[in-house]
Amino acid sequence: MSRILITSALPYINGIKHLGNLVGSQLPSDVYARYMRARGHEVMYICATDEHGTPAEIAAAKAGKPVAEYCAEMWQTQKAIADGFGLSFDHFGRSSSRRNHRLTQHFAARLDAAGLIREVSEKMIYSNADGRFLPDRYVEGTCPNCGYDSARGDQCENCTKQLDPTDLIDPRSAISGSTDLEVRETKHLFLCQSVLAGQLEAWIDSKTDWPLLTTSIAKKWLRDGDGLQDRGITRDLDWGIPVQKGDAPWPGMEGKVFYVWFDAPIEYIAATAEWADATGQDDGAWERWWRTDKGAGDVRYVQFMGKDNVPFHTLSFPATIIGSGEPWKLVDYIKSFNYLNYQGGQFSTSKGRGVFQDQALEILPADYWRWWLMSNVPESSDSEFTWENFQAGVNKDLADVLGNFVSRVTKFCRSRFGEQVPEGGDWTEAERMVVAGLTTRLAAYQAALDAMEMRKAAAELRAIWVEGNEYLQAAAPWAAFKTDPGRAAAVVRFALNLIRFYAVLSAPFIPHAAAQMLQALGLDAADWPEDVEAALSALPAGHGFATPDVLFAKITDEQREAWAARFAGGR
RNA sequence: GGGCCUGUAGCUCAAUUGGUCAGAGCAGAGCGCUCAUAACGCUUUGGUUGGGGGUUCAAGUCCCUCCGGGCCUACCA
């Protein structure tokens, strides 16, 4: 048994996320966590909301609520949605927690003591009407290059020229539209990542088994231009973690907070501490996951994220950890994903284009989404959601191949033998062949999941389901029943055991349906099969079951068309 | 502008990292079965691997070039 620490990238707090946010971190990490638990490993699976930063403040203002209240409510909402999708976090924390405040301030103090923090004085745009400094992208104006009138302060969307907000002609606040802007001098703390660049590069180079996507992004940042740049880790905002050296004030930094990307990854650790608090345990309980001097030496730590998160997880956060000089656990493997597009374009929160997580759960059970998203997860390149593909995949895989198998076996048994596992007959060559085939398939399935190759794992699982249909067709218990009822009984007994087998193996991907299958068989739980032959003999003759309802109703053409129209845009 | 990824059957993806006639699922066609959610099984059509050039005994894989798609470029997160 090993100990596996799993973190999913933190969803940002400013509203309900669309499916793209699920597919690249939360779902694959959940499949992995469920699988590893099923294999008997000790798992700590952590996620949290990422609550700080300008967008959170703006979203709260739009909702007409104090930001703390807004975040608390949105956390509840996101938690409920995560539960709805069956995400099995050991703890779903908040980056605004007391634990994260203390830990973030602690890390800053350690970095400062190590000489890795320097003060930088910067000129920033201040909006008098908004009463706040504006990040570059929140300053709009006319592009000096092409004349586009809605260019942003970081880059002109029209001509793609990189800009400085002070370059803009007639600059205005993107928040209020106010032109009452001024340049103000402000002091910020920078993390001296450049000092650690050599260590970081050596560390990245040692990770030869990481996805290409992960290492290529990391190396790009390490080597581009003048190499890894120092990074500002503080902001002039109200909502956030106050800049302090541990418990002590930080002279000159009064009224400032840490940058959201500094405190967000630290929340992985803090959320584990929140978990210990919530379950009434002491610090040792979470430290044994995170401190290599306190028991985390044998932990394998895996992170899941979309590609946009990779620089912060390969460089900034490791710089924080390494720079602290303390024995915190560094990530062992980073599984990164590309983007999921929607019907030929991007999912768009602002345009209401695509399916949002709450809407997804309204229209279909979680397992439909889990299955399709994971069997089409963007592992090697961006992938695309279309309603046609979604309908075809779900109907064929879940309804026809798996659901119908459960249906045909249980209904046939009920009509011929009644609702208990039938007695009589013995295994023949046919059953032994299936056991041999499934043993090979199971090994491939496990290998894919061990390697976090989600598409491959899904394909193997599907192939395992198909074996059941092939077996039934060949064994034809409906024909055997007429001449040799004992043989038919043996086939049905074997097939009912296959349902149990499928429930166990499918649970990482479709936990709700798997639970229904077990429940129909009158079981609360079932162990992962270490031996296929034994697993397929687990249900004895005489064991009662209940013929389940249709496991997966098919998506009709009418539904598909209605949804395609509803989610085309304009939420 | 710079960097990275990507282009394989109508669709979605594989191909042990340079090594048998480039494979699977879906869709299409034919046959079979009748237990089942008109479900299942078997067989089968379909590819000059985006175009062109090069290296090699051997290229989907490496190099050059052109064309298309995408991402990143450090204050959105």
Side-chain angles (χ1 to χ4, degrees), chain A residues 9-14 50 52-56 58 122 124-125 133-139 152-155 160-162 164-165 174 188 193 212-213 215-217 219-221 223-225 228-232 235-236 259-261 264 306-312 315-316 338-339 341 344 346 375-376 378-384 386 388-389 391-393 395-416 453 455-456 458-459 462-463 466 468-481 488 491-492 495 549-554:
Chain A
L10 309 186
Y12 197 65
I13 195 72
N14 68 339
D50 177 12
H52 299 135
T54 309
I58 292 171
E122 294 183 301
M124 297 267 317
I125 304 287
F133 282 94
L134 298 177
D136 290 357
R137 75 164 326 201
Y138 284 103
V139 183
R152 296 194 319 218
D154 52 347
Q155 181 175 31
T160 73
K161 187 176 172 58
Q162 303 284 307
D164 195 84
H188 282 297
Q193 299 184 138
L212 182 63
L213 184 66
T215 50
S216 65
I217 292 174
K219 286 181 180 175
K220 151 77 171 157
W221 282 52
R223 292 171 188 169
D224 193 41
L228 188 62
Q229 298 298 295
D230 294 345
R231 193 174 176 97
R235 291 291 183 274
D236 289 294
Y259 177 42
V260 56
W261 261 117
K307 58 185 168 189
D308 51 334
N309 276 306
V310 168
F312 304 98
L315 303 169
S316 308
N338 287 284
Y339 289 149
N341 291 318
Q346 296 198 334
S375 53
N376 294 277
E379 273 174 326
S380 55
S381 63
D382 289 357
S383 68
E384 176 144 324
T386 67
E388 290 76 13
N389 285 343
Q391 178 193 30
N395 286 355
K396 195 68 198 173
D397 298 346
L398 295 183
D400 295 345
V401 176
L402 176 62
N404 183 56
F405 177 80
V406 173
S407 202
R408 66 194 296 206
V409 170
T410 51
K411 285 181 180 167
F412 179 77
C413 184
R414 181 175 62 181
S415 72
R416 302 299 197 278
E453 294 176 15
R455 272 180 186 261
K456 197 172 184 180
R462 194 196 125 98
V466 166
N469 284 310
E470 289 172 351
Y471 165 75
L472 273 192
Q473 181 67 28
W478 48 89
F481 187 77
V491 171
V492 169
D549 292 333
V550 166
L551 268 185
F552 301 99
K554 292 201 196 193

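In this text the structure is predicted, and so the values were computed from the model without any measurement. Order of the sequence lines fixes the chain letters, A, B, ..., with proteins taken first and strands second; residue numbering starts at 1 for each chain.
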Mate of [N] where both pairing distances stay under 3.5 Å, Watson-Crick or G-U:
N	result
B:U44	B:G28
B:U55	none
B:G1	B:U73

For [X], report the nucleic acid contact type (base, sugar-phosphate, nothing); a contact means any heavy atom under 4.0 Å.
X	result
A:Ser383	sugar-phosphate
A:Val409	nothing
A:Leu551	base
A:Asn338	nothing
A:Pro477	nothing
A:Phe405	nothing
A:Lys554	base
A:Val550	base

Which nucleotide wins on minimum distance to the side chain of A:Arg231, given the candidates B:A77, B:U37, B:A74? B:A74

Given B:C35, B:A77, B:A74, which nucleotide is nearest the side-chain atoms of A:Trp221? B:A74

Below 4.0 Å: OP1/OP2 of [N] and any side-chain N or O of [X]:
X	N	value
A:Lys307	B:G70	no
A:Tyr339	B:C72	yes
A:Arg462	B:C26	yes

A:Asp400 CG to B:A27 C1', straight-line distance once rounded to whole Å: 14 Å

Could you give the CZ-to-C1' distance, from A:Phe481 to B:C33, as a whole number of Å? 18 Å

Using a 3.5 Å distance criterion without hydrogens, assess whether the side chain of [X] forms a donor-acceptor pair with backbone atoms of [Y].
X	Y	value
A:Asn469	A:Val401	yes
A:Tyr471	A:Val466	no
A:Gln193	A:Leu315	no
A:Thr410	A:Val406	yes

Would you kindly check whether a donor in the side chain of A:Glu388 faces an acceptor in the base of B:C11, or vice versa, at under 3.5 angstrom? no

Assess whether one donor atom and one acceptor atom, taken from the side chain of A:Asn404 and the base of B:A39, lie less than 3.5 Å apart. no

Could you give the distance separating B:G53 and B:G60 at their P atoms, to the nearest angstrom? 14 Å

Conformer about C1'-N of B:U17 - syn within 90° of 0, anti elsewhere: syn

Nearest-nucleotide 5' precedence on RNA chain B, A:Leu402 against A:Gly393: A:Gly393

If you measure from the ring centre of A:Phe412 to the centre of the six-membered ring in the base of B:C35, is it under 5.5 Å, with the planes under 30° apart? no

Please verify the inter-ring angle class for A:Phe312 with A:Trp261; under 30° counts as parallel, over 60° as perpendicular, anything in between as tilted. parallel

